[in-house]
Amino acid sequence: MIKITFPDGNNKEFEQGVSIELIAGSISSSLRKVSVAGIVNGELYDLNRPINEDAEIRIITKKDREAFEVLNHSAAHLLAQAVKRLFPDAKFGVGPAIREGFYYDIDAGVQLREEDLIKIEKMMKRISQEQVQITRSEMPRAEALEFFKDDKYKVELISDLPEDEIISLYTQGEFTDLCKGGHIGSTKNVRVFKLLALAGAYWRGDSKREQLQRIYGTAWYSEDALKEHLQILEERKERDHRKLGKELKIFELNNDAGQGLAMWLPNGYTVRKVLEDWVYKLERKAGYQHVSTPMVGTKKLYEISGHWANYRENMFPVMERDGETFVLRPMSCPHHMLIYKTDIRSYRDLPIRYAEIVTQHRYEASGSLTGLERVRAMTLTDAHLFVRKDQIKQEVKDAYYLILAAIKTLGLEIEYIELALRDDKKGKFHDNIELWNEAEQMMKEILAEEKIEYTEMKGEAAFYGPKIDVQVRTAMGHVITMSTVQLDFLLPDRFDLTYIGNDGEKHRPVVIHRGFVSTWERLMSILLEQYKGAFPTWLAPIQIKVIPVSLEVHADYAKKLNSLFIDEDLRSELDMREEKLGYKIRDAQTLKIPYQLVVGDNEVDSNQVTYRKYGQKEQVTVSVEEFILLIKQEVKNQIN
RNA sequence: GCCGAAAUAGCUCAGCUGGUAGAGCAACUGACUUGUAAUCAGUAGGUCUCGGGUUCGACUCCUGAUUUCGGCACCA
């Protein structure tokens with residue numbers, strides 16, 4: 001007999017070799033029906049996998065997050081089996097469950113086309129109907145290498161496992177896959193699914209290696225759930241900043257201007273200017289000094305910093321004149337280093353915080369360009385903090401909390417905080433391991449002291465140091481970096497930055513690089529998606545639309561109001577077109593203008609306004625003074 | 001950059017198996033003069049992304065390029 005302990009601490013004796021399915025059944029038959037797998041001593045177990053020793057278990061039912069993973073993982077196997085039937089030469093990379101479904105990386109022997117997905121999906125349905133048992137087996141590593149000898153990808157995966165590893169396999173009918181599990185028992189349980197996309201994906205994420213074809217799909221426990229998911233995918237398109245940016249006239253991308261070179265339209269630039277002014281004030285209050293530096297610099301400048309060696313491929317082509325070579329500035333740290341050097345610095349001067357609204361150019365790979373999210377010319381408020389070592393922690397924390405406050409004001413949700421560290425594999429990191437360890441250790445201490453939860457990302461650091469990245473999720477489901485605080489012990493060295501300590505000796509300052517709320521371009525894309533284009537009043541390009549009921553009778557009053565609002569520093573527009581009232585109202589609503597004012601006899605007679613707030617049905621009538629007060633309060637408090 | 005797909009009027013889209021294009025909205029003109037999501041009528045608008053080819057004839061088929069989209073890689 002073995003002892004099975006449940007999550008609530010209770011335990012019960014079972015025969016050795018009992019399974020999750022049997023345990024669930026012993027509790028109730030209804031529980032058994034909704035069970036899909038179990039966690040046994042921290043490991044994911046199939047329903048029928050024997051449990052041979054005392055164990056803490058948790059039964060996973062269809063409602064649990066893990067159940068979705070199990071189903072989708074099995075769907076990936078089903079996909080592979082179907083591909084193998086249709087393309088017998090097919091070889092397989094990896095096929096995991098992901099956040100919203102699954103994928104499998106496949107080398108089908110031929111180039112798959114999108115229309116093949118239909119055939120593959122049909123085959124999957126057929127295999128599902130065959131109700132093939134999915135069974136687990138284990139074999140020693142050497143045997144597994146022999147078993148998979150025809151699939152070079154699997155061989156490579158197995159070869160990377162330790163010598164003494166027992167390899168687990170899952171077999172369904174004629175198809176066997178290398179896999180840790182767990183799975184869902186039978187192909188009949190993978191009934192509701194849809195293949196969504198065909199894409200390229202480099203083997204092992206390495207662009208120097210072969211490119212496999214990745215098929216994405218999603219599997220659910222019911223038709224309704226699948227339908228709902230597909231509905232969500234549709235609705236996301238409504239939030240897409242590219243669509244909203246066009247509808248609301250925020251920005252324009254035109255090939256004659258150049259790929260990834262966005263133009264800000266009046267509405268977009270208005271929002272950007274509000275953001276710029278806001279951030280400028282925040283930085284001033286936080287003790288930053290603003291500087292301004294040129295958009296072009298010598299190649300030499302970036303050779304000193306090390307950016308030329310690391311990123312020359314991602315810079316715009318060089319310009320040469322009179323024996324000098326120039327580049328369009330891809331970032332601003334070198335300039336700020338030089339500004340630091342304009343004077344002898346004392347330990348009493350530090351920290352020095354330079355901020356700048358910087359336009360920078362990067363020749364991003366064509367395939368990575370995405371609306372305003374990823375562009376080749378971008379403007380951001382960049383900052384470099386020059387600090388003593390004993391000031392690092394406080395300055396990093398202050399910078400971090402300033403970022404957090406800003407993100408909160410913008411009403412954005414943080415997906416997670418990432419600590420980007422170096423790893424041994426990539427060659428880009430500078431080679432002073434001692435400095436690296438010190439910097440990484442300090443970042444970890446800061447995060448621990450502030451009780452900030454974070455995810456470690458090895459190999460994601462900048463070449464000069466570790467960084468704390470604030471990640472947000474876009475409407476389309478991508479995670480992108482919003483803000484960053486980076487610790488840099490390298491560039492001060494390269495630029496030979498010094499300050500005089502209280503010992504009278506020269507010391508090296510440390511630089512903290514800070515990206516505040518990404519670039520204005522990317523921030524705009526995030527905000528558009530966040531607000532679905534309905535900007536809060538303080539950001540809205542047009543805050544008020546004044547609509548006279550009758551052009552003849554109410555035009556003067558409408559004009560008077562509009563001028564009054566503009567004098568009060570509010571962004572108001574007048575709709576004097578010869579159109580029907582309903583038409584103008586619809587137009588104002590479509591443009592998602594926060595305050596829509598319809599003025600007619602009632603308002604003229606009483607010197608009042610009747611407003612309708614965007615997103616609300618009700619109409620409110622107040623005095624003009626009251627309205628101005630109300631809206632100014634809202635702007636001042638940056639209410640979302 | 002790589003893999004897959006797409007490109008038709010300012011915008012959103014239709015256009016069957018090849019016979020040189022159509023709708024709605026927007027624009028313009030005129031009429032209507034309006035109290036909370038589209039008034040009516042008319043006019044104009046297109047090298048069907050750009051080259052090359054097949055064909056009597058190409059928006060449609062083939063081919064090359066460009067851009068966009070979905071991914072991958074990259075992201076100082």
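So that the names make sense, note that chain A is the first sequence line, chain B the second, and so on, each numbered from 1.
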(message) Looking at A:K617, I'd like to know whether one of its side-chain N or O atoms comes within less than 4.0 Å of OP1 or OP2 on B:rA37.
(response) yes
(request) Establish, with yes or no, whether the OP1 or OP2 oxygen of B:rG1 is under 4.0 angstrom from a side-chain nitrogen or oxygen of A:S366. (result) yes
(request) Would you mind reading off the distance between A:Y103 atom OH and B:rC72 atom C1', rounded to a whole angstrom? (result) 10 Å
(request) Report which part of the nucleic acid A:K467 touches: base, sugar-phosphate, or nothing (heavy-atom distance under 4.0 Å, all strands). (result) sugar-phosphate
(request) Specify the separation, in whole Å, of atom NZ of A:K243 and atom C1' of B:rU12. (result) 8 Å
(request) Would you indicate what A:H554 reaches in the nucleic acid, counting non-hydrogen atoms under 4.0 angstrom: base, sugar-phosphate, or nothing? (result) nothing
(request) Name the nucleic acid region contacted by A:L551, choosing base, sugar-phosphate or nothing; use a 4.0 angstrom heavy-atom cut-off, strictly under. (result) nothing
(message) Starting the side chain at C-beta, find the nucleotide from B:rU68, B:rU39, B:rG35 nearest to A:N255.
(response) B:rU68
(message) For a quick check of understanding: with a heavy-atom distance under 4.0 Å over all strands, which category does A:N310 fall into, base, sugar-phosphate or nothing?
(response) nothing
(request) Establish whether the base of B:rC32 is bridged to the side chain of A:K580 by a donor-acceptor pair shorter than 3.5 Å. (result) yes
(message) So for A:Y216 and B:rG4, does any side-chain atom that can act as donor or acceptor lie under 3.5 Å from a complementary atom in the base?
(response) no
(request) Provide, to the nearest angstrom, the distance between the CG atom belonging to A:L196 and the P atom belonging to B:rA5. (result) 17 Å
(message) Does A:R374 contact B:rC74 through a side-chain donor or acceptor facing the base, at a distance under 3.5 Å?
(response) yes
(message) Using a strict threshold of under 4.0 Å (side-chain N to carboxylate O), is an ion pair present between A:E573 and A:K545?
(response) yes
(message) Checking ring-ring contact (aromatic ring centres under 6.0 Å, His included) between A:F429 and each of A:F489, A:F463, A:W436, which is the one that passes?
(response) A:W436
(request) Verify whether the ring centers belonging to A:Y340 and A:Y354 lie closer than 6.0 Å. (result) no
(message) Looking at A:R362, I'd like to know whether one of its side-chain N or O atoms comes within less than 4.0 Å of OP1 or OP2 on B:rA76.
(response) no
(request) Using whole Å, report how far CE of A:M331 lies from C1' of B:rC74. (result) 17 Å
(request) Assess whether atom CD of A:E578 is packed by more than 12 heavy atoms of other residues, nucleotides or ligands within 6.0 Å. (result) no
(message) At 4.0 Å (heavy atoms only), tell me whether A:E114 reaches a base, stays on the sugar-phosphate, or touches nothing.
(response) sugar-phosphate
(message) Between A:D206 and A:R204, does any NZ, NE, NH1 or NH2 come within less than 4.0 Å of an OD or OE carboxylate oxygen?
(response) no
(request) For nucleotides B:rG45 and B:rU66, find the distance between their P atoms and express it as a whole number of Å. (result) 33 Å
(request) Find which nucleotide of RNA chain B each of A:E115 and A:V553 is nearest to by heavy atoms, and output the residue with the more 5' nucleotide. (result) A:E115
(message) Between B:rG35 and A:E603, counting only base atoms on the nucleotide and side-chain atoms on the residue, is there a donor-acceptor pair under 3.5 Å?
(response) yes
(request) Nearest whole angstrom, please: distance from the P of B:rC74 to the OH of A:Y363. (result) 19 Å
(request) Examine the base of B:rU66 for any acceptor or donor lying under 3.5 Å from a partner atom in the side chain of A:Q259, and report the outcome as yes or no. (result) no
(request) For A:E552 and for A:R586, find the nucleotide of RNA chain B with the closest heavy atom, then tell me which residue's nucleotide is more 5'. (result) A:E552
(request) Taking atom C1' in both B:rC25 and B:rC40, compute the distance separating them and give it to the nearest angstrom. (result) 16 Å
(message) Once you apply a heavy-atom cut-off of 4.0 Å, does A:A365 come out as touching a base, just sugar-phosphate, or nothing?
(response) base
(request) Can you tell me, in whole Å, how much space there is between the P of B:rG70 and that of B:rC13? (result) 14 Å
(request) Calculate the interatomic distance between A:F463 atom CZ and B:rC75 atom P; express it in whole Å. (result) 12 Å
(message) If I pick the P atom on B:rU49 and the same atom on B:rC56, what distance separates them, to the nearest angstrom?
(response) 25 Å
(request) Assign A:N314 to base, sugar-phosphate, or nothing according to its heavy-atom contacts below 4.0 angstrom with the strands shown. (result) base
(request) Using a 4.0 Å heavy-atom cut-off across all strands, classify A:G582 as base, sugar-phosphate, or nothing. (result) sugar-phosphate
(request) Select base, sugar-phosphate, or nothing to describe what A:G205 touches, counting heavy atoms under 4.0 Å on all strands. (result) sugar-phosphate
(request) Can you tell me, in whole Å, how much space there is between the P of B:rA31 and that of B:rA38? (result) 24 Å
(message) Would you say the base of B:rA76 stacks on A:Y311 (centre-to-centre below 5.5 Å, plane angle below 30°)?
(response) yes
(message) Roughly how many Å apart are B:rA7 and B:rU60, using the C1' atom of each and rounding to a whole number?
(response) 14 Å
(message) Heavy atoms only, 4.0 Å cut-off, all strands: where does A:G371 land among base, sugar-phosphate and nothing?
(response) sugar-phosphate
(request) May I ask you to say whether A:R236 pairs ionically with A:E100, meaning some side-chain N is under 4.0 Å from a carboxylate O? (result) yes
(message) Which residue is it: A:R612, A:Q543, A:K613? I am looking for the one with a side chain to side chain contact (heavy atoms under 4.5 Å, CB included) to A:Y595.
(response) A:K613
(message) Need one value for A:T610: base, sugar-phosphate or nothing, where a base atom within 4.0 Å counts as base even if backbone is also close, heavy atoms only.
(response) base
(message) For B:rG4 and A:Q111 - does any side-chain N or O of the residue sit under 4.0 Å from the phosphate oxygens OP1/OP2?
(response) yes
(request) Indicate, yes or no, whether a donor-acceptor pair under 3.5 Å links the base of B:rC3 to the side chain of A:Q213. (result) no
(request) Answer with base, sugar-phosphate or nothing: what part of the nucleic acid does A:L212 contact at a heavy-atom distance below 4.0 Å? (result) nothing
(request) Return the value, rounded to whole Å, for the distance between atom OH of A:Y583 and atom P of B:rU33. (result) 19 Å
(message) It should be established whether A:K428 places a side-chain nitrogen or oxygen under 4.0 Å from OP1 or OP2 of nucleotide B:rC75.
(response) yes
(message) Work out how far the C1' atom of B:rG15 is from that of B:rC48, and round it to whole angstrom.
(response) 11 Å
(request) Grab the CZ-P distance between A:R577 and B:rU29 for me, whole Å please. (result) 14 Å
(message) With a cut-off of less than 4.0 Å, is there a side-chain N or O of A:R242 near OP1 or OP2 of B:rU68?
(response) no
(message) Just to be sure I understand the rule, does A:N602 reach a base, reach only the sugar-phosphate, or reach nothing, if contact means heavy atoms closer than 4.0 Å?
(response) base
(message) Any side-chain N or O of A:R612 below 4.0 angstrom from OP1/OP2 of B:rG35?
(response) no
(message) Given A:F92, which partner from the list A:Y103, A:Y104, A:F87 fulfils the ring-ring contact (aromatic ring centres under 6.0 Å, His included) test?
(response) A:Y104
(request) Answer yes or no: is there an ion pair linking A:R113 with A:D116, defined by an N-O contact shorter than 4.0 Å? (result) no
(message) Could you tell me how far B:rU68 sits from B:rA76 if I compare only their C1' atoms? Round to whole Å.
(response) 27 Å
